[in-house]
K.L.:
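Next up is a structure, given as structure tokens.
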Amino acid sequence: PIACSNAWSRFSSVSKTAFRKPKKCWLQATTMSRKTHPCVRMRTAIFNRYVIPQKKVLETLLSCNQPWLTEEHKEHLAESLDRVTRYVEELNELRERSQILNDELNNAHGRRLNDITYIFSVAATVFLPLSFLTGLLGVNVGGIPGIESTNGFWVFTGLCIAIIIAQVALFKKLKWF
């Protein structure tokens with residue numbers, strides 16, 4: 001009974017640590033939750049590895065008809081078996097909840113990476129034609145249009161702004177923005 005109560009107190013601390021209510025939204029993949037989650041899962045697995053054999057031993061002791069086991073001993077064994085069975089069920093529930101939490105953390109992290117990648121892709125799409133034009137007009141060879149014109153720079157700047165506006169309008173029409 002003392003060993004069971006000590007085990008229950010350790011088990012309760014694992015359970016409380018694993019699923020206490022965080023102050024922020026639990027779907028946010030914070031650095032802290034991503035670091036502590038594997039530790040909680042590992043502690044739960046270790047505890048499960050020790051509890052399941054104890055359950056099997058208690059079941060075996062309860063089912064055997066030894067003369068040295070009195071009815072009082074069998075009642076204590078039955079109570080201990082019930083308690084250990086609850087521990088195993090709670091550990092299985094913790095494992096399932098832990099897996100759900102892990103999936104949610106991975107999904108949130110994936111969504112965040114997708115959003116960042118999307119922003120970089122849009123920025124690259126906007127600046128790629130502009131980089132091409134500046135590279136093309138930056139070549140110092142004869143025949144570049146607007147080289148003798150005093151307004152050539154402003155015409156080129158206006159062309160670049162018009163390209164940006166056209167791209168933004170196209171992105172909004174395609175609902176990429």
Side-chain angles (χ1 to χ4, degrees), residues 1-128 131 167-177:
I2 293 172
C4 285
S5 64
N6 288 340
W8 178 249
S9 65
R10 280 190 234 129
F11 176 71
S12 295
S13 70
V14 169
S15 178
K16 288 176 188 173
T17 304
F19 299 102
R20 73 171 71 110
K21 276 190 171 179
K23 293 178 183 172
K24 294 182 180 179
C25 176
W26 69 282
L27 292 178
Q28 292 178 346
T30 62
T31 306
M32 188 64 173
S33 62
R34 292 186 67 80
K35 286 181 181 177
T36 58
H37 184 67
C39 179
V40 170
R41 290 179 66 190
M42 183 172 47
R43 286 172 42 192
T44 306
I46 289 170
F47 197 71
N48 198 14
R49 196 174 327 149
Y50 289 109
V51 172
I52 289 177
Q54 290 178 7
K55 179 184 176 196
K56 291 180 181 177
V57 167
L58 288 172
E59 287 172 343
T60 304
L61 277 174
L62 199 57
S63 66
C64 73
N65 291 324
Q66 294 294 328
W68 49 272
L69 279 175
T70 64
E71 283 301 316
E72 184 179 341
H73 289 133
K74 287 184 179 183
E75 287 176 11
H76 285 295
L77 285 174
E79 289 174 13
S80 295
L81 179 62
D82 288 342
R83 211 174 298 137
V84 170
T85 302
R86 281 195 312 257
Y87 296 162
V88 170
E89 290 170 355
E90 187 74 21
L91 282 170
N92 289 335
E93 181 184 339
L94 278 173
R95 184 176 29 204
E96 291 170 8
R97 291 169 62 189
S98 177
Q99 185 60 42
I100 290 169
L101 181 61
N102 188 39
D103 292 344
E104 290 298 325
L105 286 172
N106 287 336
N107 289 340
H109 186 69
R111 282 191 300 271
R112 181 166 160 74
L113 286 177
N114 286 342
D115 291 344
I116 291 170
T117 303
Y118 176 75
I119 290 169
F120 281 129
S121 298
V122 168
T125 304
V126 167
F127 289 109
L128 186 65
S131 297
Q167 284 181 332
V168 168
L170 178 66
F171 290 164
K172 287 195 182 240
K173 182 180 179 186
L174 295 174
K175 297 181 181 175
W176 290 0
F177 258 5

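The figures that follow rest on heavy atoms only: side chains count, while hydrogens, waters and symmetry mates do not.
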K.L.:
Which distance, rounded to the nearest 0.5 Å, do you find between the CD1 of I119 and the CG of N114?
P.N.:
11.5 Å
K.L.:
Any idea which heavy atoms bring N48 and P53 closest together, and the distance?
P.N.:
O-CD, 4.4 Å
K.L.:
Given L113 and H109, is the side-chain contact (heavy atoms from CB on, under 4.5 Å) satisfied, shown in steps?
P.N.:
CA-CA 6 Å; L113 286 177; H109 186 69; 3.6 Å; yes
K.L.:
Report the residues that fulfil side-chain contact (heavy atoms from CB on, under 4.5 Å) with L62, sequence neighbours left out, ordered by chain and then residue number.
P.N.:
K74, L77, A78, L81
K.L.:
Rounded to the nearest 0.5 Å, what's the gap from CG on L94 to CG on L101? Could you check?
P.N.:
11.5 Å
K.L.:
Taking it one step at a time, do K55 and E59 satisfy side-chain contact (heavy atoms from CB on, under 4.5 Å)?
P.N.:
CA-CA 6 Å; K55 179 184 176 196; E59 287 172 343; 3.3 Å; yes
K.L.:
Tell me every residue that passes side-chain contact (heavy atoms from CB on, under 4.5 Å) with L128, counting only those two or more places apart in sequence or in another chain.
P.N.:
none
K.L.:
Going by side-chain contact (heavy atoms from CB on, under 4.5 Å), name the residues that satisfy it together with I116, two or more places apart in sequence or in a different chain.
P.N.:
R112, F120
K.L.:
What residues, two or more places apart in sequence or in another chain, satisfy side-chain contact (heavy atoms from CB on, under 4.5 Å) together with E72?
P.N.:
T70, H76
K.L.:
Identify, with sequence neighbours excluded, every residue that meets side chain to side chain donor-acceptor pair (under 3.5 Å) alongside N92.
P.N.:
R95
K.L.:
What closest approach, in Å, do L61 and L69 show between heavy atoms, and which atom pair accounts for it?
P.N.:
O-CD1, 3.5 Å
K.L.:
What distance separates L91 CG from S98 OG, expressed to the nearest 0.5 Å?
P.N.:
11.5 Å
K.L.:
For D103, which residues count as a side chain to side chain donor-acceptor pair (under 3.5 Å) partner, sequence neighbours excluded?
P.N.:
Q99
